[in-house]
Amino acid sequence: MQLSLILSLCFAKWMLVVCNPGPIEDVVIDRYSVPDNCKREVKDGDFVRYHYNGTFVNGKKFDSSHDRGVAFMVQVGRRRQIAGVDKGIIGMCVSERRRIVVPPHLAYGSQGAGDVIKPDTTLVFDMVLLDVWNQADRTQTLSLSRPRNCGRSVQKSDFVRFHFNGTLLDGSPFDSSYERSQTQDSLVGEGWLIAGLEEGLLGMCVGERRSITVPPFHAYGEKGYGLHVPPHATLLFSVLLEDLHNPSDKVAVKTLQLPTGCERRSISGDFIRYHYNGTFLNGDTFDSSYRRNQTYNTYIGMGYVIAGMDEGLQGVCAGERRRITLPPHLAYGKHGAGKEIPGSAVLVFDVHVVDFHNPADQVDIQVTQQLNCSQRSDLHDHLQYHYNCSLLDGTVLFTSMDYSTPQDVVLGADKVIDGLDEALRGMCVGERRIVRIPPHLGHGEKGAGDVPGSAVLVFELELMALEKGVPPGYLFVWVEEAPAELFQALDLNQDGEVPLQEFSEFIMLQVSEGTGRMKPGVEPADIIADMFKNQDRNEDGRITAEELKLKVQEDAERAYHEEL
């Protein structure tokens with residue numbers, strides 16, 4: 001028998017029973033399966049959806065919604081079904097199973113129903129209630145867990161990402177984002193979702209779990225949806241909010257720790273080194289430079305990083321810690337990045353700035369102990385100095401205090417990094433300086449040993465000793481004018497020749513009297529031996545007047561011959 005025929009017969013016979021009351025027997029109800037938790041019982045005026053098997057007392061079936069595969073939906077107490085079922089369903093719970101025995105006068109009475117149900121027949125309905133709702137129902141929300149700190153909750157026009165399990169009231173699942181391993185992503189208040197779900201999401205915090213019960217007229221109504229949401233179905237959503245932003249959001253920056261004495265803040269075009277932890281709004285980590293034990297190094301304001309980080313790293317101090325929150329349109333957008341970052345994800349970066357510099361930076365010198373002196377360090381001078389070398393964050397790399405003697409260097413001899421060579425110039429003995437050296441004047445983008453690539457170096461310097469130097473290629477220079485008759489001055493015994501001993505005595509006399517100086521950092525005897533060898537052109541152990549030539553004379557002759 002078709003459903004439409006049964007419904008029409010039901011309505012007609014119910015009216016006949018009311019006009020012609022039969023025996024006084026009432027319906028008999030057997031509640032043989034009642035759920036432990038009955039949140040709501042059927043009452044007069046409710047709409048219900050249920051499956052049933054209809055049989056005679058002898059067990060012979062005359063109708064079944066199960067066989068048709070479509071549950072029966074009706075409003076209770078409005079004469080839309082036979083009186084006995086209308087009465088017997090009152091107080092029923094969702095998922096309850098009950099057997100209702102309906103006497104003839106509350107069924108089809110003395111007329112029966114066509115060829116199927118004979119007159120004065122008692123009917124038995126074995127029913128399971130699938131759903132119950134009322135026109136006065138509204139979407140119901142229940143917060144199951146909520147984070148303690150909720151700085152922002154869902155408002156209309158926000159974009160949300162959430163996971164959910166969707167079931168009917170009887171527990172039958174109809175959809176799940178978890179099974180797709182992908183969040184449900186949607187604008188709220190724009191009609192992208194069913195009305196009840198949009199309403200239920202309002203006010204949620206990221207990380208909050210909610211149960212949202214949506215009546216049919218705020219869900220898919222009388223048409224249902226697909227194969228799994230039948231018509232007139234109340235829907236139950238178990239929701240976990242994963243993410244939240246608004247398309248109008250800007251980069252949000254929160255300073256977590258600001259070092260004292262911030263002399264400079266980063267600007268567009270700077271090269272910056274920083275550590276970071278990258279998380280989603282729910283706290284799940286997607287990336288971390290700490291795991292790689294290596295800073296992230298990049299230019300800022302030039303498009304080398306995502307737009308939000310380009311903006312969020314402006315104005316930082318070396319050593320600063322800040323939290324930078326990026327909306328998707330300033331991060332990886334609706335497509336995400338690889339498997340780690342889903343589309344439309346808000347990203348949170350907890351950043352620790354190690355250092356930054358600009359390619360145009362020069363050596364920065366701060367004199368911490370200034371002295372007045374007549375002699376300052378300069379190119380070719382031999383220096384002895386103490387130093388501490390550290391990174392901008394204070395990490396000590398090297399110190400001369402680890403050695404028994406100070407560090408020594410000849411300025412301009414390419415024995416130290418360019419920035420340090422420059423920083424050591426113009427110092428008095430006893431002077432102290434703090435010097436910042438940018439990477440391009442230090443160890444560059446590759447670094448060296450314990451010095452990381454692109455690192456700004458900080459040196460604490462103290463000059464301990466200074467010996468004035470000589471130009472490259474020279475072993476000895478005159479501080480005052482050389483004697484007009486140099487050979488006669490060298491030939492101490494005036495015998496017309498100068499042996500090594502005589503030559504050595506003369507040079508040492510000039511040094512002691514301050515009229516000349518030797519190349520610093522080399523043993524005097526070695527210097528004198530080399531000078532003598534250069535003048536003893538015939539290698540007979542003696543210098544004659546014809547052999548003696550000053551280096552300036554030799555250089556001039558060499559230049560003359562090269563021009564020829």
Side-chain angles (χ1 to χ4, degrees), residues 257-267 269-276 289-290 293-300 313 315-322 351-371 376-377 383-403 405-409 411-412 414-464:
Q257 182 180 337
L258 186 64
T260 57
C262 177
E263 298 177 359
R264 173 180 168 185
R265 293 180 179 270
S266 62
I267 60 173
D270 283 344
F271 190 88
I272 190 167
R273 297 193 309 122
Y274 62 95
H275 272 301
Y276 69 89
S289 64
Y290 295 99
N293 196 30
Q294 183 177 356
T295 57
Y296 191 84
N297 309 331
T298 186
Y299 287 96
I300 58 173
L313 289 168
V316 297
C317 298
E320 180 177 345
R321 295 179 186 270
R322 63 168 51 175
V351 171
H352 177 209
V353 179
V354 175
D355 66 22
F356 62 87
H357 73 280
N358 194 282
D361 284 349
Q362 301 301 315
V363 175
D364 178 59
I365 299 175
Q366 178 185 357
V367 178
T368 57
Q369 180 171 304
Q370 191 167 10
L371 301 173
R376 292 180 177 272
S377 58
L383 312 182
Q384 288 186 317
Y385 62 98
H386 274 303
Y387 71 91
N388 292 316
C389 175
S390 62
L391 301 178
L392 273 186
D393 65 359
T395 302
V396 176
L397 299 177
F398 316 105
T399 176
S400 61
M401 299 301 178
D402 290 340
Y403 306 97
T405 58
Q407 185 77 11
D408 67 314
V409 67
L411 294 181
D414 200 25
K415 298 300 182 181
V416 293
I417 56 176
D418 292 346
L420 181 56
D421 195 284
E422 179 181 338
L424 286 166
R425 300 185 188 188
M427 292 187 75
C428 295
V429 173
E431 183 177 328
R432 294 181 180 182
R433 292 179 173 182
I434 294 178
V435 181
R436 290 186 182 183
I437 299 176
H440 51 275
L441 296 175
H443 291 283
E445 63 182 15
K446 293 183 179 180
D450 293 332
V451 180
S454 302
V456 177
L457 300 179
V458 179
F459 280 87
E460 298 176 64
L461 301 174
E462 181 180 5
L463 186 59
M464 307 304 294

Considering non-hydrogen atoms only, spot the tightest contact between Gly315 and Arg265 and give its length.
O-NH1, 2.9 Å
Indicate the atoms forming the closest heavy-atom contact of Ala423 with Ile365, along with that distance.
CA-CD1, 4.0 Å
Taking C-beta and beyond as the side chain, do Glu320 and Pro259 meet within less than 4.5 Å on heavy atoms?
yes
With side-chain contact (heavy atoms from CB on, under 4.5 Å) as the criterion, how do Leu392 and Phe356 come out once you've worked through the C-alpha distance, each side chain's angles and the decisive distance to 0.1 Å?
CA-CA 9 Å; Leu392 273 186; Phe356 62 87; 6.0 Å; no
Nearest heavy-atom neighbours spanning Glu431 and Met427
O-CE, 3.3 Å
Checking Thr295 side chain against His275 main chain: does a donor-acceptor pair fall under 3.5 Å?
no
How far does CZ of Phe459 sit from CG of Asn388, to the nearest 0.5 angstrom?
10.0 Å
Just how far is it from atom NE2 of His443 to atom CD1 of Ile417, taken to the nearest 0.5 Å?
4.5 Å
For the pair Asp361 (side chain) and Pro438 (backbone), establish whether a donor and an acceptor sit closer than 3.5 Å, ignoring hydrogens and angles.
no
For Arg376 and Gly426, work out which heavy atoms get closest and say how close.
NH1-O, 2.9 Å
For Leu391 and Leu457, what are the C-alpha separation, side-chain angles and deciding distance, and is it a side-chain contact (heavy atoms from CB on, under 4.5 Å)?
CA-CA 5 Å; Leu391 301 178; Leu457 300 179; 4.0 Å; yes
Side chains of Pro439 and Val456 in contact at under 4.5 Å (non-hydrogen atoms)
yes
Check Gly430 against Leu371 and note the closest heavy-atom contact, atom names and distance.
C-CD1, 3.4 Å
Would a 4.5 Å heavy-atom cut-off, applied to side chains only, mark Ile434 and Val458 as touching?
yes
Run the side-chain contact (heavy atoms from CB on, under 4.5 Å) test on Tyr385 and Leu420 for me, step by step, so that the C-alpha distance in whole Å, both residues' side-chain angles and the decisive distance to 0.1 Å come before the verdict.
CA-CA 11 Å; Tyr385 62 98; Leu420 181 56; 3.7 Å; yes
Does a side-chain heavy-atom distance below 4.5 Å link Ile437 with Glu422?
no
For the atom pair CG (Leu313) and CG (Asp270), what is the distance rounded to the nearest 0.5 Å?
10.5 Å
Spacing of Asp421 atom CG and Lys415 atom NZ [to the nearest 0.5 Å]
12.0 Å
Would you mind reporting whether Arg432 and Glu460 have side-chain heavy atoms less than 4.5 Å apart?
no
4.5 Å side-chain heavy-atom contact, Pro452 and Arg273
yes
Please test Tyr274 against Arg322 for side-chain contact (heavy atoms from CB on, under 4.5 Å), starting from the C-alpha separation and ending with a verdict.
CA-CA 11 Å; Tyr274 62 95; Arg322 63 168 51 175; over 6 Å; no
Say you draw a straight line from CG of Leu461 to OG of Ser400; how long is it, rounded to the nearest 0.5 Å?
9.0 Å
Is the shortest side-chain N to carboxylate O distance from Asp364 to Arg264 below 4.0 Å?
no
What is the distance from atom CD of Gln257 to atom SG of Cys317, rounded to the nearest 0.5 Å?
11.5 Å
Is the ring pair Tyr296/Tyr276 parallel, tilted or perpendicular, if the boundaries are 30 and 60 degrees?
perpendicular
